[in-house]
Amino acid sequence: VHEGWRYMFGLASIPGFVMFIGFLFLPETPAWLASDGQFASAVLVLSSIRETEEEVESEITDIRVSLSSEELHEERGTTLMTKVWKMLRHSPTRKALLVGCSLMVMQQFCGPNASFVQPTIFHAKKGFVLEMDLEDAHSKAIGTSNHYCSFSFFYILLTCAR
């Protein structure tokens, strides 16, 4: 039981490791390949994920139009701050940013976090013995905050959903 926190953290790292391995096999996005001048590679990637040749041609045409309009804006002296300000004025982008930032904030209060095991780890090394009441109160406080933060996250998610 005293070593149980190590197993918890070890098991929690498995999904991240699997995701890292999966990322190694992901191809670059077609838009990035096209912006780098690798249109043949972009067409190959699109061919592997789209069902028909018409969809591939349509999307590669959209990417070319998008790239040419970006180059036109850059030639006119559009700064990065102007682009960011334009994105923030766009309502769907603003909603997506709100949902993404809210998710990051709520994740700090939800799910497994180090505060469950932190007192046990540090006090055990110093020779202190925690009283059961303190541990119980700590667990109840964390559980209660997880409960209410989860519901507030779902409210934000459902209210601002795409």
Q.
Would you compute the distance between atom OG of Ser68 and atom CD1 of Ile63 and round it to the nearest 0.5 angstrom?
A. 12.0 Å
Q) Do the side chains of Ile49 and Leu44 join up, straight or via other hydrophobic residues, at under 4.5 Å, putting them in one cluster? A) no
(Q) Would you say Phe17 ends up clustered with Leu24 if hydrophobic residues are merged whenever their side chains have heavy atoms under 4.5 Å apart, either directly or through other cluster members? (A) yes
Q: Provide the closest heavy-atom pair for Ala42 versus Pro30 in the form atom of the first, atom of the second, distance.
A: CB-O, 3.5 Å
Q: Return yes if some donor-acceptor pair links the side-chain N/O of Thr61 with the main-chain N/O of Glu57 below 3.5 Å, else return no.
A: yes
Q: Examine distances only and state if a side-chain atom of Ser66 and a backbone atom of Asp62 form a donor-acceptor pair shorter than 3.5 Å.
A: no
Q. How close do Ala12 and Pro15 get, heavy atom to heavy atom, and via which atoms?
A. O-CD, 3.4 Å
Q. What about Leu26 and Trp32, same hydrophobic cluster or not, with Ile/Leu/Val/Met/Phe/Trp/Tyr joined at side-chain heavy-atom distances under 4.5 Å?
A. no
Q. Same cluster or not: are Val45 and Leu67 linked, directly or through other Ile, Leu, Val, Met, Phe, Trp or Tyr residues, by side-chain heavy atoms under 4.5 angstrom apart?
A. no
Q) Do Val18 and Leu11 belong together in a cluster built from hydrophobic side chains that touch within less than 4.5 Å? A) yes
